[in-house]
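Along the sequence shown, residues carry numbers from 1.
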Amino acid sequence: MLPSDLRDKYLERTNCLPPPIFIISISIAELAVFIYYAVWKPQNQWITLDAGIAKSPFTYVPEKREEAWRFISYMLVHAGVQHIIGNLFLQLLLGIPLELVHKGHRIALVYLAGVLGGSLASSIFDPYLALVGASGGVYALIGGYFMNVIVNFKDMVPLFGIFRILVIVVIVGTDVGFALFRRYISKIAGPRVSFVAHFAGCLAGMSIGYTVFSCFDKNLIKDPRFWICIAAYLAFVVFSVLFNIFLSPAP
């Protein structure tokens, strides 16, 4: 999906030295935490976890938002089998090929920007809901990938470009649609789903992620787009912190 003059450079950078350690490690950690709460913590059933994750020190809970690590650690906890499988599948499918080119420190930057952005945005626009899952990070990878497809669409085989866009739209539309259904329509008892983290993670990917992924052949810190995105992101973080301290309606 790159211009022809950049494809050779991209392929040259695609190697297993170093291996994709970040995305594999974070996936193993998320799976290990899920197994811990599904198997060793008392649950009514393990298809959809309930009491165990609600009391987890990793889960983002509005009432305990002064425990700042929860704004990141909620990515380790998942609400059920469908949740963990979906996130692991997408982040491994996208993350491993991306990390083979961009290496772990860049993928970690994009992924964690989506995770933190997701929890901060949810604390503002959905302040009463707890958060679990790595969807913010996954959507950051999707957002960066999507922007690369859009920007370089003219250099791709049209049918192939359309196919990629449709696949992303179907995946995102299905996931967000399910979250909206669970939140506003479904009468089934269970935890409500916050979809704000999905959108915030995607926005982080479409800004920071796109800049990182498009600078594969150059020094990232010399690209002014990177610093513009970082400045905007930090401004959002500062605003979110002040909002949570002084203005949040949550207890």
Side-chain angles (χ1 to χ4, degrees), residues 1-3 10 14 20 23-24 26-27 30-31 34 47-48 74-75 78-102 107 110-115 117-119 121-122 125-126 129 131-188 190-214:
M1 64 181 183
L2 291 169
Y10 191 88
T14 306
I23 205 68
I24 291 176
I26 205 70
S27 298
E30 290 164 4
L31 182 60
F34 176 80
I47 299 299
T48 301
Y74 77 95
M75 70 180 180
H78 287 77
V81 172
Q82 179 184 10
H83 197 197
I84 183 72
I85 289 178
N87 279 343
L88 288 183
F89 174 76
L90 288 175
Q91 71 187 30
L92 289 172
L93 179 68
L94 285 175
I96 289 179
L98 287 171
E99 192 168 341
L100 290 176
V101 176
H102 303 283
I107 299 302
V110 176
Y111 189 90
L112 295 176
V115 170
S119 58
S122 185
F125 297 105
D126 232 346
L129 288 191
L131 279 181
V132 295
S135 294
V138 173
Y139 271 69
L141 298 179
I142 293 175
Y145 181 83
F146 178 75
M147 282 298 295
N148 270 287
V149 174
I150 295 297
V151 171
N152 297 307
F153 185 83
K154 64 180 183 299
D155 296 296
M156 302 170 64
V157 177
L159 187 60
F160 190 40
I162 293 172
F163 174 75
R164 289 191 178 198
I165 292 174
L166 286 177
V167 168
I168 295 172
V169 169
V170 168
I171 291 174
V172 172
T174 301
D175 191 36
V176 173
F178 179 73
L180 290 172
F181 174 79
R182 285 274 308 274
R183 176 69 184 275
Y184 295 111
I185 300 175
S186 176
K187 304 299 182 183
I188 300 175
R192 293 187 298 166
V193 178
S194 175
F195 55 88
V196 175
H198 297 69
F199 288 115
C202 191
L203 288 175
M206 294 174 72
S207 53
I208 295 176
Y210 166 66
T211 304
V212 169
F213 297 157
S214 63

Are the side chains of V212 and I107 in touch, meaning some heavy atoms are under 4.5 Å apart? no
Could you tell me whether the side chain of H78 reaches within less than 4.5 Å of the side chain of L88, counting heavy atoms only? no
With side-chain contact (heavy atoms from CB on, under 4.5 Å) as the test, would you mind laying out the steps for L112 and M75 before giving the verdict? CA-CA 9 Å; L112 295 176; M75 70 180 180; 4.1 Å; yes
Main-chain N/O of V115 paired to Y74 side chain as donor or acceptor, under 3.5 Å: yes
Considering non-hydrogen atoms only, spot the tightest contact between [X] and [Y] and give its length.
{"X": "G117", "Y": "A200", "result": "O-CB, 3.5 Å"}
{"X": "G133", "Y": "H83", "result": "CA-CE1, 3.5 Å"}
{"X": "L131", "Y": "S122", "result": "CD1-CB, 3.7 Å"}
{"X": "V149", "Y": "G161", "result": "CG1-O, 4.2 Å"}
{"X": "T174", "Y": "V170", "result": "OG1-O, 2.7 Å"}
{"X": "A113", "Y": "I208", "result": "CB-CD1, 4.1 Å"}

Does atom CG of L159 have more than 12 heavy-atom neighbours from other groups under 6.0 Å away? no
Listed pairs under 3.5 Å, donor-acceptor, residues 89-100 side chains, sequence neighbours left out:
from : atom 1 : to   : atom 2 : distance (Å)
Q91  : OE1    : Y111 : OH     : 2.8
Q91  : NE2    : S27  : OG     : 2.8
Q91  : NE2    : E30  : OE1    : 3.0
E99  : OE1    : I23  : N      : 3.0
E99  : OE2    : I21  : N      : 3.0
E99  : OE2    : F22  : N      : 2.9

Between [atom1] of [X] and [atom2] of [Y], what distance do you get to the nearest 0.5 Å?
{"X": "M147", "Y": "T211", "atom1": "CE", "atom2": "OG1", "value": "8.5 Å"}
{"X": "S214", "Y": "N148", "atom1": "OG", "atom2": "CG", "value": "6.0 Å"}
{"X": "L203", "Y": "H198", "atom1": "CG", "atom2": "NE2", "value": "13.0 Å"}

For I150, enumerate each residue passing the side-chain contact (heavy atoms from CB on, under 4.5 Å) test, keeping only those at least two apart in sequence or located in another chain. F146, I165
Qualifying residues under side-chain contact (heavy atoms from CB on, under 4.5 Å), relative to S207, sequence neighbours excluded: C229
Y145 vs R164, side-chain contact (heavy atoms from CB on, under 4.5 Å): CA-CA, chis, key distance, verdict: CA-CA 10 Å; Y145 181 83; R164 289 191 178 198; 3.0 Å; yes
Would you check, one step at a time, whether the test side-chain contact (heavy atoms from CB on, under 4.5 Å) holds for I142 with C202? CA-CA 7 Å; I142 293 175; C202 191; 5.5 Å; no
Anything under 30° is parallel, anything over 60° is perpendicular, the rest tilted; go ahead and classify H102 against F213. tilted
